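Everything on this sheet refers to the single structure shown next.
Indexing begins at 1, ligand by ligand and atom by atom, following the structure's order. Given the structure is predicted, the values throughout are model-derived calculations rather than measurements. Quick note: residue numbers are just sequence positions, from 1.
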Amino acid sequence: SILVTGASGQIGSELVAKLQDVYGEDNVVATDIRKSPDAAQQSAGPFEILDVTDGKRMFEIAKQYDVDTVIHLAALLSARAEENPQLAWNLNMTGLVNGLEVARQLDCQFFTPSSIAAFGPSTPKSGTPQDTLQRPNTIYGVTKVSGELLCDYYHSKFGVDTRGVRFPGLISYVTPPGGGTTDYAVEIYYHAVQYGNYTSFIGKGTYMDMMYMPDALDAIVQLMEADGDKLVHRNAFNITAMSVAPEDIESAIQELMPGFAVSYAVDPVRQAIADSWPSSIDSSCAEMEWGFRPRYDLGEMTKDMLLKLHRKLQVKTS
Ligand code: VAH
């Protein structure tokens with residue numbers, strides 16, 4: 001079965017449901033430090049409380065459910081990590097080492113996401129290549145680069161089948177993200193539906209890579225099912241669906257809600273994090289090595305987000 005850590009998070013809560021569809025409800029063990037109401041609705045399959053810094057408990061759960069695949073998502077995201085770097089290092093890295101050790105000892109396939117945050121101010125900013133300079137200056141980015149290196153090490157040293165992607169900002173309507181820098185691109189849709197306007201904490205003209213959650217979930221399953229012999233890279237593949245700035249999302253929303261407007265109240269902390277990241281990354285290795293191809297562009301994502309949020313927030317379509 002598949003063990004998912006961070007199952008109540010932004011990616012986890014939707015990935016568990018998808019994996020249950022693909023592999024069967026009882027073959028997905030959702031775990032998180034607490035059970036969130038959404039996850040409860042979402043996953044009918046097994047759920048276990050797990051603090052990923054408790055390696056012994058993680059091993060016990062993996063043994064109990066005869067786990068052969070570990071999908072490790074539990075982590076502190078960029079903005080929250082900057083508020084407490086020591087906690088972020090401990091949680092992100094201890095959790096990862098524990099996950100890798102379970103995979104090594106129980107011969108599991110292993111997935112954990114990296115991020116565009118694994119790049120820093122000295123990285124080429126546009127068309128960022130798969131293999132390039134990675135000197136992030138956020139603690140989140142430091143844990144992501146360290147994680148990439150550790151996962152490649154476990155593959156070369158111990159033969160663990162580790163795989164990962166560098167996610168861009170992920171946009172979804174099911175479970176709001178917590179503590180990220182790209183979260184403005186999720187909040188903007190919620191505010192459009194609820195208030196008809198949005199004050200962005202990221203400034204005009206700040207380009208970052210983004211992706212709609214359905215494409216992110218498909219990418220995880222596609223990479224994990226790819227022929228390992230064809231993978232030149234492993235940890236972690238650049239993937240992206242679009243490079244957008246707040247005003248691009250504003251225009252896409254205005255297509256459907258003409259009265260919508262964005263104003264700006266830049267948060268210097270999260271703006272500095274965003275400025276240290278690439279404006280657009282190159283995903284050609286993922287396309288070539290395992291057929292990565294996103295389905296949603298900005299227009300299609302915006303249409304679906306607004307439709308689903310109107311339903312979720314029970315707001316009458318204007
Ligand atoms: C964050 N959403 O903002 C996450 C992600 C690329 C961004 O790592 O921290």
Checklist line | Carboxylate-amine/guanidinium contact Asp227 Lys230, below 4.0 Å | finding: yes
Note to self: Any carboxylate oxygen within less than 4.0 angstrom of a Lys/Arg side-chain nitrogen, looking at Glu148 and Arg166?
What the structure shows: yes
Notebook entry, point to check: Do Lys303 and Glu300 sit within salt-bridge range, that is, some charged N less than 4.0 Å from a carboxylate O?
Noted result: no
Check: Can you name the closest pair of heavy atoms from Met93 and Leu150 and give their distance?
Finding: CE-CD2, 4.5 Å
Check: Who's touching ligand 1 if we go heavy atoms under 4.0 Å?
Finding: Leu77, Ser78, Ser115, Ile116, Tyr140, Phe167, Pro168, Gly169, Gly180, Thr181, Thr182, Trp277
Check: Would you call Lys56 and Asp54 a salt bridge, taking side-chain N to carboxylate O under 4.0 Å as the test?
Finding: no
Item checked: Carboxylate-amine/guanidinium proximity below 4.0 Å for Glu14 and Lys18 -> no
